[in-house]
Structures are given as C-alpha cells and as structure tokens.
Peer 1: 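One structure coming up, written as structure tokens, with questions to follow.
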Amino acid sequence: FMQRNEQRVALVTGASSGIGEATALALAAQGIRVAVAARRTERLESLVARIQQAGGEALALSLDVTDEQQVQTMVRHLQERWGRLDILVNSAGLMLLGPIAGADTEDWRRMISTNVLGLLYATHAALPLMQAQGGGHIVNISSLAGRIARAGSGVYNATKWGVGALSEALRQECVHDHIRVTVIEPGIVETDLASHITNSAARENALRRKQNITPLQSNDIANAIVYAVMQPLHVNVNEILLVPSEQG
Ligand code: NDP
C-alpha cells in the first residue's frame, strides 16, 4: 500500500526562505498539499500564491516556532482545514556562529529555542495526529555541523547534534506507530542563513567560505527530502548527508 500524494498533507516550518521554501515547492509539485510556516507572513502568502498558480494547494501559517502555544494553534488550524498531517519538515533554524568566549548569550538562547525547542514543539503537536491516522513522516534538518564540530561553531554544533540525537530516539519510539523519521544533514547551502550571524567576524568568515566553492542550492536539499518521503512505506531513510563536491 502506498498512499497517493493527492491525499497527503505536509507541514514545512522555515518555509519563508531557503531550504524550507524549496521543499514546500517540491512537495507541492508532487501533488502534496502543503502548509507553510514561518514568521514572515508576506513571504508565506507569496509562496502560497506561487504554489496555487502552479495548480497546487497550500496554506500559510504565520508562527514563531519558539512559541509553543502558536505552534499548537496552527497545527489545530491545519487539522481543521485538511483533517490530517502526513509529513512534517522541520527546517526553521538559525546559525548564529561565533566563539563561546565573549559570545552574546542571547544568540545561544535564540538558537537553542529555535533549532531544538521549536523543532520539538512542532513534532510534539504533529505526533498525536499522525498516531491517530496510523502513520506519518517527520523530516528534521540537521547539518554537517551535527556530525563535525568546529571552533567558532560550538553552540550551533550542540543544537544540531541534539537534532540528530532526538531524531534517532524518536524514530525508535515511533516504529509501532508507522511514523518514519529522517534526518537531513546538508553542508554549505546557498541561502540567507549566514546573513543573520550577529558576530561580524564569524559572519564574514561564513560568507567567505560559501564564496570559495560552488555551494549546494536549496533545491538540492528539497530533492533529497522528496526522495526520502517518496519511498515505499516499509523503507525508512534514516539519514542523508550531502555536501558540495568542493567542500573539504
Ligand atoms: P534561511 O535563513 O533561508 O531559512 C531559515 C528559515 O527558518 C526561514 O524561513 C525563517 O523564517 C525560519 N525561522 C527562523 N526562526 C524562526 C522562528 N522562530 N519561527 C519560525 N520560523 C523561523 O536558512 P536555510 O534555509 O539555510 O535554513 C534551514 C535549515 O537548514 C536550518 O535549520 C539550518 O540550520 C539548516 N542548514 C542550513 C545549511 C546552509 O548552509 N544553509 C547547512 C546545513 C543545515 P522567518 O524568518 O520568516 O521566521
């Protein structure tokens, strides 16, 4: 048994730009209904319009993933609209690089509350729906930084290590609910991610690293996510690590 895509519903967080936006478009192109979530409402509205113009179905959910109440409310709204949730892609994230000594500790709270707690709130809100309907798929965007730590990246590494750890625990917890769990670990991707770094030396360094190679495009990551969610139900793609060919 393979569920038809037209019957499936996806929720993508961090869908207002980068990997989340490309993933929403790619899933919609497969005929999957897509709810797109992030804080920047206008960007979500224009993404919904693009999906609808291409013949797809989409819904904008303005939310801050660090606010558990908003996440719960929006998942309830999605359930009222489409009655189900088959695929959750947790792409909302921040990479506020910089050394630990002298850091603005607000950067740490923002990263931990978005990359770890936000991902957990969305997962926690989605699980009862997936359990009730007898299955689902949760795709978490970790990073190469979830496998290799580097100087100047410690707290970001900690959040992405955390995503890998809790994803594997969740995969084991969910096997009897037929809920699949996939972790995606990209290397450098051409997105706005590095532009939000508050430490100017760390920001310049990250932007330079990206300019010195041909980075991945958001669509490369979206393709990997489509691969994972299109597998037959007995196949769980646990992990996909993909980096630019030129990234050392
Ligand atoms: P972008 O900055 O382009 O996208 C980040 C997305 O997260 C935006 O849509 C942003 O939307 C959303 N977001 C951030 N904070 C919140 C919040 N509190 N509530 C809701 N949404 C939020 O970067 P990427 O697409 O590159 O990043 C996506 C994921 O990929 C991240 O988890 C990142 O760590 C990971 N990744 C990226 C890599 C890269 O090189 N680009 C490499 C490896 C992993 P808004 O501001 O509208 O809320």
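Residue indices begin at 1 and follow the sequence shown. Computed from a predicted model, the values in this text were never measured in an experiment. Remember, it's 1-based here, ligands and their atoms both numbered in the order they're listed.
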Peer 1: Among protein heavy atoms, which sits nearest to atom 10 (C) of ligand 1, and what does the distance come to when rounded to 0.1 Å?
Peer 2: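 Result: S16 OG, 3.8 Å.
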Peer 1: Which of the listed options, R39, K160, E21, holds the heavy atom that is closest to atom 17 (C) of ligand 1?
Peer 2: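 When every heavy atom of R39, K160, E21 is considered, R39 comes closest to atom 17 (C) of ligand 1.
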Peer 1: Find all atoms of ligand 1 within a distance of less than 4.0 Å from any non-hydrogen atom belonging to D64, and give their numbers and elements.
Peer 2: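 Counting from 1, the qualifying ligand atoms are 17 (C), 18 (N), 19 (N).
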Peer 1: Just need the protein heavy atom nearest to atom 40 (O) of ligand 1, so name the residue and atom and give the distance.
Peer 2: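 Looking only at protein heavy atoms, the one closest to atom 40 (O) of ligand 1 is V189 N, 2.8 Å.
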Peer 1: Main chain of R39, side chain of S62: is a donor-acceptor contact present, judged purely on distance under 3.5 Å?
Peer 2: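 No: the side chain of S62 does not pair with the backbone of R39.
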Peer 1: Quick one: which ligand 1 atoms are inside 4.0 Å of a heavy atom on L63?
Peer 2: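 Close to L63: 19 (N), 20 (C).
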Peer 1: Test of understanding: clusters of I, L, V, M, F, W, Y form through side-chain heavy atoms closer than 4.5 Å, transitively. Do I87 and I179 belong to the same one?
Peer 2: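 They do not share one cluster, since no chain of ILVMFWY contacts under 4.5 Å joins I87 to I179.
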Peer 1: Work out whether the distance between some heavy atom of T13 and some atom of ligand 1 is less than 4.0 Å.
Peer 2: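 It does not, in that no heavy atom of T13 comes within the 4.0 Å cut-off of ligand 1.
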Peer 1: With a cut-off of 4.0 Å, which atoms of ligand 1 are near a heavy atom of D192?
Peer 2: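 Answer, ordered by atom number: 2 (O), 3 (O).
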Peer 1: Does L59 form a side chain to side chain contact (heavy atoms under 4.5 Å, CB included) with H77? I'd like the steps, not just the answer.
Peer 2: CA-CA 10 Å; L59 168 68; H77 184 57; 4.3 Å; yes
Peer 1: If the cut-off is 4.0 Å to any non-hydrogen atom of G18, which atoms of ligand 1 fall inside it?
Peer 2: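 Numbered from 1, ligand 1 contributes 3 (O), 25 (O).
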Peer 1: Could you name the option among V89, L61, T191, L216 that has the heavy atom nearest to atom 24 (P) of ligand 1?
Peer 2: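 Minimum heavy-atom distance to atom 24 (P) of ligand 1 goes to T191.
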Peer 1: Any donor-acceptor pair under 3.5 Å linking the side chain of N157 with the backbone of R150?
Peer 2: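 Flag set: sc N157 to bb R150 pair under 3.5 Å.
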Peer 1: For atom 1 (P) of ligand 1, what's the nearest protein heavy atom and its distance?
Peer 2: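 The answer is S17 OG, 3.3 Å.
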Peer 1: Tell me whether ligand 1 is touched by A22 - counting only heavy atoms on the residue side and a distance under 4.0 Å.
Peer 2: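 Checking ligand 1 against A22, which is what was asked, there is no heavy-atom contact under 4.0 Å.
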Peer 1: In the protein, which heavy atom is nearest to atom 12 (C) of ligand 1, and how far is it?
Peer 2: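 Going atom by atom, the protein heavy atom closest to atom 12 (C) of ligand 1 ends up being G14 CA, 3.6 Å.
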Peer 1: Using a heavy-atom cut-off of under 4.0 Å, does the side chain or the backbone of Y156 touch ligand 1, or both, or neither?
Peer 2: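 Contact part for Y156 vs ligand 1: side chain (C-beta onward).
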Peer 1: Measure the distances from the heavy atoms of G118 to every atom of ligand 1 and state whether one is below 4.0 angstrom.
Peer 2: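 Outside the 4.0 Å threshold, so no.
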Peer 1: Check the hydrophobic clustering (I, L, V, M, F, W, Y; side-chain heavy atoms under 4.5 Å; chains of links allowed) and say if L78 and V65 are grouped together.
Peer 2: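 Hydrophobic grouping puts L78 with V65.
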Peer 1: Using modelled atom types only, decide if a donor and an acceptor are shared between the side chain of N140 and the backbone of V183 within a distance under 3.5 Å.
Peer 2: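 Here the side-chain-to-backbone pair does not exist.
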Peer 1: What part of T114, side chain, backbone, both or neither, has a heavy atom within less than 4.0 angstrom of ligand 1?
Peer 2: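 Answer for T114: side chain.
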Peer 1: Using a plain distance cutoff, I'd like to know if I188 has any nitrogen or oxygen under 3.5 Å from a nitrogen or oxygen of ligand 1.
Peer 2: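 No - when backbone and side-chain N and O of I188 are compared with those of ligand 1, no distance drops under 3.5 Å.
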Peer 1: Look at atom 28 (C) of ligand 1 and say which protein heavy atom is nearest, naming residue and atom and giving the distance to 0.1 Å.
Peer 2: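 Here the closest protein heavy atom is S91 O, 3.0 Å.
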Peer 1: Considering only heavy atoms of S143, which atoms of ligand 1 have at least one such atom less than 4.0 Å away?
Peer 2: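 Answer, ordered by atom number: 43 (C), 44 (C).
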Peer 1: Measuring from atom 44 (C) of ligand 1, which candidate in S195, S142, A92, G93 has the nearest non-hydrogen atom?
Peer 2: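 Minimum heavy-atom distance to atom 44 (C) of ligand 1 goes to S142.
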Peer 1: Could you tell me whether a side-chain N or O of T73 sits under 3.5 Å from a main-chain N or O of Q69, the two making a donor and an acceptor?
Peer 2: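 Pair found, side chain donor or acceptor close to backbone of Q69.
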Peer 1: Closer than 4.0 Å to some heavy atom of I19 - which atoms of ligand 1 meet that?
Peer 2: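 Here the atoms of ligand 1 in question are 25 (O), 26 (O), 30 (O), 37 (C).
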